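To start, the structure itself, in structure tokens.
Because the structure is predicted, anything quoted here is derived from the model rather than measured. Side chains included, hydrogens not; waters and symmetry mates left out as well; all remaining heavy atoms used. We count ligands from 1, going down the list as the structure has it; atoms in each ligand are counted the same way.
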Amino acid sequence: MSIASNLTEIRSTIPDHVKLIAVSKFHPCEAILEAYNAGQRIFGESRQQEVEQKQNLLPSDIQWHFIGHLQTNKVKAILPYTHTIHSVDSWKLISEIEKNAAKIGKTINCLLEIHIADEESKLGFDFDECEKMLDQNNWQSLKYARIAGVMGMATYTDDEKKVREEFKALRSFFDCLKQDYFKDFDYFSEISMGMSHDYRIAIEEGSTMVRIGTSIFGEREY
Ligand SMILES: *Cc1c(COP(=O)(O)O)cnc(C)c1O
């Protein structure tokens with residue numbers, strides 16, 4: 001199967017209101033161009049150096065989404081070419097994004113990464129921790145780092161019921177945040193959930209953005 005035909009097949013399963021992030025990490029520019037030529041414009045990357053090199057070589061109308069763990073010292077570098085950061089997991093990181101985005105006068109969409117899986121290794125805020133941050137910190141004064149929604153990764157398992165429960169939990173947490181904090185903020189609207197193996201379930205549970213790599217580009221070679 002070619003990248004173009006994989007994309008066609010995946011698109012046929014995604015409703016219009018759900019954005020497809022083509023996760024191109026560890027895949028070469030040629031693969032990204034193939035997807036680009038098949039009409040794909042949003043790509044997800046997880047490492048600063050890698051996306052830095054790629055965006056230099058690739059068409060400038062690509063919308064880059066950063067989906068990996070982001071260290072504060074990498075923020076400045078990625079902002080000029082980044083549209084959305086899916087992996088915002090601390091107030092320190094939001095402040096750093098705000099500071100650097102202000103310097104270049106650019107608004108950056110930030111998604112709060114929420115820990116919904118069983119696995120220890122998955123990063124992100126716990127529900128409580130996230131609400132505590134929103135209670136304590138003056139996020140209303142942010143001008144450039146725009147909190148646009150939430151992101152989460154389900155446990156990696158074949159247990160569909162479990163995955164569905166985790167996505168449900170993220171969806172209802174989003175609804176709570178919307179109600180309690182972001183009612184008057186139209187831009188708080190995104191639920192980034194669903195990867196190659198579980199995006200169909202995620203869409204059924206209310207995802208607005210799916211992050212799909214393997215099903216488009218094939219297995220990654222690390
Ligand atoms: C790598 C990655 C994906 C894509 O995973 P696939 O299983 O290849 O679709 C999605 N989200 C995040 C956060 C990732 O790191």
Side-chain angles (χ1 to χ4, degrees), residues 1-14 18-28 31-32 34-35 38 40-52 54 62-71 74-75 78 82-90 93 108-125 130 148-160 162-164 166-167 170-171 174 190-222:
M1 288 284 274
S2 71
I3 289 171
S5 57
N6 291 341
L7 269 171
T8 306
E9 191 171 313
I10 289 164
R11 286 204 190 103
S12 73
T13 64
I14 296 179
V18 176
K19 294 182 199 74
L20 171 60
I21 320 300
V23 176
S24 48
K25 64 187 185 194
F26 294 93
H27 293 288
I32 299 177
E34 209 176 316
Q40 183 65 28
R41 290 294 179 272
I42 311 179
F43 291 88
E45 289 279 340
S46 60
R47 299 184 304 172
Q48 180 258 324
Q49 272 192 321
E50 185 178 344
V51 64
E52 177 109 13
K54 286 174 171 174
I62 287 180
Q63 193 182 97
W64 294 103
H65 287 219
F66 198 87
I67 62 168
H69 180 61
L70 180 58
Q71 291 165 290
K74 301 285 171 68
V75 167
I78 71 157
T82 299
H83 180 276
T84 299
I85 301 171
H86 289 239
S87 42
V88 173
D89 58 2
S90 69
L93 185 55
I108 307 287
N109 285 332
C110 298
L111 305 182
L112 301 174
E113 181 170 358
I114 310 297
H115 184 111
I116 53 171
D118 256 355
E119 295 146 25
E120 275 298 318
S121 62
K122 300 260 155 97
L123 302 154
F125 290 104
C130 183
V150 297
M151 181 274 238
M153 273 186 277
T155 304
Y156 191 84
T157 171
D158 289 335
D159 184 350
E160 187 178 317
K162 181 172 178 56
V163 169
R164 190 177 294 281
E166 292 173 356
F167 286 148
L170 184 58
R171 166 64 197 272
F174 169 88
E190 303 289 0
I191 306 175
S192 169
M193 60 185 189
M195 303 166 52
S196 291
H197 62 282
D198 58 15
Y199 79 88
R200 288 181 180 80
I201 307 171
I203 289 172
E204 285 166 13
E205 297 306 331
S207 173
T208 67
M209 286 180 167
V210 289
R211 309 175 311 270
I212 300 182
T214 309
S215 296
I216 297 172
F217 297 107
E219 295 291 335
R220 288 176 287 274
E221 282 172 42
Y222 293 105

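Residues with a heavy atom under 4.0 Å from ligand 1: Val23, Lys25, Ile67, Met151, Met153, Met195, Ser196, Arg211, Ile212, Gly213, Thr214, Arg220.
A heavy-atom distance below 4.5 Å is found between the side chains of Ile212 and Ser196. Looking at heavy atoms from C-beta onward, His83 lies in side-chain contact with His65 at the 4.5 angstrom threshold. Residues Glu113 and His69 form no side-chain contact, since every pair of their non-hydrogen atoms from C-beta on lies 4.5 Å or further apart.
Under the side-chain contact (heavy atoms from CB on, under 4.5 Å) rule, Arg164 has a single partner from Asp198, Ile201, Asp159, which is Ile201. Partner Glu50 forms a side-chain contact (heavy atoms from CB on, under 4.5 Å) with one of Arg47, Glu52, Gln48 and no other, that one being Arg47.
With a 6.0 Å radius and a threshold of 12 heavy atoms from other residues, nucleotides or ligands, Glu204 has its CD atom above the threshold.
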